[in-house]
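Have a look at the structure below, then the notes.
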Amino acid sequence: MTKLDDLLQEVRLQLGSDLLSTDVVGTDGMSIASVSSAPNFDASAAAARFAMVMKLAGNVAGKINQGKVDDTLTTTGKAYILTRFLGDGTYYWMVAVTKEAVLGMVRMLMNEYVDQIWKAIPR
Amino acid sequence: MQGNLRDMAVADLIQHNCQDGKTAQLLIRHGERQAALYFKDGNVEHAVLGALQGEEVVYQVLGWEQGEFSLETGVTSPQRTINKSWPGLLMEGARRLDEAKIKIDHQELTQLQEVNSMAGELDNLLMNLSKEVDGFVAAAVVGMDGLGIAGYTEGMFDLEAVNAQMTLLFKLVNTTVDRLMADNVEDFLLTTERAYLLVRYLSDTKFYLGITADRRKANLGNMRLISRIYAERLSKAMPY
């Protein structure tokens, strides 16, 4: 198991049953590490599709002069989906949790792990 | 004789036939409807339109501006249902048309006033919202076509561009979530170096509330809470 997988497993342990999936994804939409707890949640599809959202978000933020994108949060009827750019922006980290999760806690956890995850990406 | 009402109005047809003292049947087609007017000795003697007979038919056909007509002379009326003189019919018809036009103008004015009042109410709500969001920069009610229907900003801010760009992004988020079958999108937050940009659907999902706040000053939890409260208030103020 790689360091990246270890870190995602740590995140899963911290979020417990609220975690649906967490992925580290390239801007090409390919996931390079993934932990999923919900068989009904198609993590690889989510990774690929949110890569498009992150790309467009970057363009939008530029066009409206609001600087670089840090993260997004999508609230649906069933889940919170958080995405966050890593390091130089060539990868992003996605965490999907149930609506029972404490949103503030999830954001704090992402703040805590974001640098470690970026450093753990194999180069 | 045949023709089109664009070339000869119903009032002119009545006037000519009566002045000539003709005995004739005038058929007038207006869409799917057809009326028949009968002339005798310089007067309109009878008129029929579906189940309706008499003067009321004349008043209705005087309002028809489109359609075709055909006149057949020598055709006599099966009965007499009109006793009023032809000038009396035309004058009463003109009076009713004027009355109807005034009514329509009044309705249009009322609708315009309602729209203005609604827009004013939305603007007021957005202004109130601005006081409750720390670091407030702008807020808008935007259609999913990317056009804002109400907006409020503090300072220089290109609300039109933000509305258009955020709609584009929000649409992609919706498509993405739809494909993942993760239920409907409620709201979407974009965090950039400088700002929080939050969008939340109103009860009619053809519209959303967008709020932009200065990231250094804003409190995200407060911003989401206020967006929920005001999305409800704005939904109630919308003319669905």
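Below, chains carry the letters A, B, ... as their sequence lines are ordered, and counting in each starts from 1.
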Check: Side chain, backbone, both or neither: which part of B/L220 has an atom under 4.5 Å from a heavy atom of chain A?
Finding: side chain
Next item on the list: Please check if atom CE in A/M30 has more than 12 non-hydrogen atoms from other residues, nucleotides or ligands closer than 6.0 Å.
Entry: no
Between chain B and chain A, identify every pair of one donor and one acceptor N or O atom lying under 3.5 Å apart.
unit_1, atom_1, unit_2, atom_2, d
B/A182, O, A/T76, OG1, 2.6
B/N184, O, A/G77, N, 2.9
B/E186, N, A/T75, O, 2.6
B/E186, OE1, A/K99, NZ, 3.2
B/E186, OE2, A/K99, NZ, 3.3
B/D187, N, A/T75, O, 3.3
B/D187, O, A/T75, N, 2.9
B/D187, OD1, A/T75, OG1, 2.7
B/L189, N, A/L73, O, 2.7
B/L189, O, A/L73, N, 2.8
B/T191, N, A/D71, O, 2.8
B/T191, O, A/D70, N, 2.7
B/T191, O, A/D71, N, 3.2
B/T191, OG1, A/D71, OD1, 2.7
B/T192, OG1, A/Q66, O, 2.6
B/E193, N, A/K68, O, 2.8
B/E193, OE1, A/K68, N, 2.8
B/R194, N, A/Q66, O, 3.3
B/R194, NH1, A/N65, O, 2.5
B/R215, NH1, A/D70, OD2, 2.3
B/R215, NH2, A/D70, OD2, 3.3
B/R224, NH2, A/T75, OG1, 3.0

Checklist line | Pick from A/L56, A/L73, A/I64, A/L82 with the largest number of heavy-atom pairs that fall under 4.5 Å of chain B | finding: A/L73
Note to self: Let me confirm one number: the CG-CG distance from A/L103 to B/L189, rounded to the nearest 0.5 Å.
What the structure shows: 9.0 Å
Item checked: Residues, nucleotides or ligands: over 12 heavy atoms within 6.0 Å of B/M91 CE -> no
Notebook entry, point to check: Got a second to check how far A/M54's CE is from B/L169's CG, nearest 0.5 Å?
Noted result: 10.0 Å
Margin query: I'd like to know which of B/L172, B/V199, B/V162 tops the heavy-atom pair count under 4.5 Å against chain A.
Written below: B/L172
